[in-house]
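Contents: one structure, followed by commentary.
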Amino acid sequence: MSLSDHPRAYGTAALTAAFVVGILVTLGFKDLYPELEAQYQRRRKQNRRQTTDGDSSSSSRRRSSMFFGPVQLEDHESSSSTIVEGIEGCIGNTPLIKIKSLSEATGCTILAKAEFLNGAGGSPKDRVALNMIEDAEQKGLLVPGRGDTIYEGTVGSTGISIAALARAKGYKAHICMPNDQAEEKYSLLHHLGATVEPVTPAPIVSPDHFVNLARRRALEYTNDSSSESRGFFADQFESPANYEAHVKTTGPEIFFQTGGRVDAFVAGAGTGGTVSGVAKYLKEERHLTDLRVVIADPYGSGLYNRVHYGVMYSPTEKEGTRRRSQVDSIVEGIGMNRLTKNFLAGQGLIDDAVRVTDAQALVMANWLVEHDGIFIGSSSAVNCVAAVVTALKMPEGSRVVTVLCDSGTRHLSKFWKAVKESGLENQEVMAGEPQEEDLLAKLGLQGREKGV
């Protein structure tokens, strides 16, 4: 009698055979598992070395299971931290902060890119300086280890970024800067090892203007040097590497941090690189055609009139009225009375401009400290005033993005000294007397209506 004639006996035999096979497979895996585990550990160590070398895409590996195919093995220990390459790895990916007090005052969401958290020079100029240096290296204009010197004409922030990155990459830095800037900037440059050449303010047409002097110094060094080292003029005002840095980094970061929902971008223009680069990315590459791009402009700068009337002119340009060469304002870092290639690159994408007074900038800086704990410099304060004005013109709930350029710590001796002298700081309130908390009134914007 065969087993097929007795189903119960056939089933029992099949079950017994399967059980025996299971035991054999288990015993086989018992011997095989140490080798699989050793292979995984070797791959894990290799992955860690690759991550250190910058290959973050290989942060996890897979191993095969005989029955279930590839199994994802997550290495939480190595993926919990990222190692960056040098100080340049600390540039970019800055947070986008919701400024609560400004959002409440305007009925819009006002967001600020915290560019003072860039790790080299502590400003958006870190992005620009890095891109200009890397572009020069690719073109052979700068060669690491050759003893080259980077020359730049700047009112401070770009020079600080260049000085820090020059040290990191093995170059020297020579900075030509107007002699009326905040003292902290000169000190920072000296401590970063840069040669600082203070320059008496002069018109851009003068050969002794700080930009023209830096260009000349670079040429002199290249021509007169007895060694093979060269001088490189960074030329932040005219170099396309300036606005391209923001097309490649700042614009994409803002787009992804907002999920693509941004209704206005507000920024001052010192060279025009930030506003042009961000506008080009958001409007041209991401096709945000309804986005409003707004220039924040201090008094004495001609950009407001350029945007509104097509003429690069400021009343402070009248004979006998100008106090200084760049702008007639205490604000440093933004404002222009000439058209740079970086500004022209995005000029057609700019929709509006807001003129901001020194008094409004002082009020805004003090307000943000008192209500949000945000300590910023003069150009950031101008940006925030312009963001408020822009928000008041937009529908309720709109998203307005601006830039916090640098910390107030490099503006103590000038801008923040003016805040103190204005009587805004630590104002005492008499018992029982309500404190004035109307931001719009403080800024002289009371009576403005939404959407007007």
Side-chain angles (χ1 to χ4, degrees), residues 49 52-55 83-92 118-178 185-199 207-249 271 273 277 340-342:
R49 287 193 297 269
T52 302
D53 292 337
D55 184 11
I83 298 173
V84 298
E85 189 72 23
I87 194 65
E88 55 267 40
C90 301
I91 298 173
N118 280 302
S123 81
K125 298 302 185 180
D126 280 1
R127 302 174 187 265
V128 174
L130 181 61
N131 201 46
M132 289 192 300
I133 291 172
E134 290 182 340
D135 181 67
E137 289 175 335
Q138 291 172 6
K139 294 175 180 176
L141 302 175
L142 282 172
V143 177
R146 191 171 63 181
D148 294 348
T149 299
I150 304 171
Y151 290 81
E152 183 60 296
T154 169
V155 296
S157 292
T158 305
I160 292 167
S161 297
I162 285 176
L165 290 168
R167 269 293 176 94
K169 288 177 163 286
Y171 303 116
K172 300 174 185 177
H174 185 116
I175 306 301
C176 297
M177 191 166 72
K185 296 181 180 180
Y186 301 101
S187 296
L188 273 170
L189 287 166
H190 282 299
H191 288 301
L192 287 168
T195 298
V196 183
E197 188 171 355
V199 180
D208 293 325
H209 184 277
F210 63 94
V211 172
N212 297 330
L213 181 61
R215 180 187 290 108
R216 190 165 74 247
R217 291 283 188 256
L219 184 60
E220 291 170 351
Y221 182 83
T222 298
N223 291 339
D224 297 342
S225 177
S226 58
S227 68
E228 63 173 2
S229 61
R230 296 291 181 266
F232 167 68
F233 174 51
D235 199 13
Q236 61 165 329
F237 290 90
E238 309 301 331
S239 171
N242 180 340
Y243 80 80
E244 288 170 356
H246 298 290
V247 174
K248 293 191 295 185
T249 64
T271 63
T340 65
K341 289 182 180 178
N342 278 283

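Considering only heavy atoms from C-beta on, Pro144 comes within 4.5 Å of Tyr171 through its side chain. The shortest side-chain heavy-atom distance between Arg215 and Asn212 falls under the 4.5 Å cut-off.
Contact record, Ile150 with Ala234: CG2-CB, 4.3 Å, taken as the closest heavy-atom pair. Minimum interatomic distance between Ala214 and Tyr151 (heavy atoms only, all atoms of both residues): O-CB, 3.7 Å. Of all non-hydrogen atoms in Leu130 and Leu165, the two that sit nearest each other are N-CD1, 3.6 Å. The two residues Val143 and Gly140 have their closest heavy-atom pair at CG2-O, 4.0 Å. Closest of all the heavy-atom pairs between Val199 and Asp208 is CG1-O, 3.1 Å. Contact between Ile162 and Ala173 at its shortest, heavy atoms only, is CG2-CB, 4.3 Å.
Between the side chain of Thr222 and the backbone N or O of Gly231 there is at least one donor-acceptor pair closer than 3.5 Å. Formation of a donor-acceptor pair under 3.5 Å by the Arg217 side chain with backbone atoms of His174 is not found in this model. Under a 3.5 Å cut-off, the side chain of Asp148 and the backbone N or O of Ser229 do not form any donor-acceptor pair. At least one donor-acceptor pair under 3.5 Å links the side chain of Glu238 to the backbone N or O of Lys341. Of the possible polar contacts, none joining the Asp126 side chain to the Ser161 backbone as a donor-acceptor pair under 3.5 Å is found. Put simply, the side chain of Gln236 gets close to the backbone of Gly153: a donor and an acceptor are under 3.5 Å apart. A donor-acceptor distance shorter than 3.5 angstrom exists from the side chain of Asn131 to the backbone of Ala241, with no hydrogens or angles considered. Without hydrogens or angle criteria, Asn118 side chain to Ser123 main chain gives a donor-acceptor distance under 3.5 Å.
To the nearest 0.5 Å, the span separating CG on Asp135 from CG on Leu141 amounts to 8.0 Å. Note that CZ of Phe237 is 9.0 Å distant from CG of Asp235, once rounded to the nearest 0.5 Å.
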Query raised in the report: Where do His190 and Val196 land on the side-chain contact (heavy atoms from CB on, under 4.5 Å) test, with the steps shown first?
Result: CA-CA 7 Å; His190 282 299; Val196 183; 4.0 Å; yes
Requested in this report: Using the side-chain contact (heavy atoms from CB on, under 4.5 Å) rule, take Lys125 and Thr271 through it: C-alpha gap first, then chi angles, then the decisive distance, then the call.
Outcome: CA-CA 10 Å; Lys125 298 302 185 180; Thr271 63; 3.6 Å; yes
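The environment of Arg167 atom CZ is sparse: at most 12 non-hydrogen atoms of other residues, nucleotides or ligands sit within 6.0 angstrom.
Here Phe233 pairs with nothing under the ring-ring contact (aromatic ring centres under 6.0 Å, His included) rule; sequence neighbours left out.
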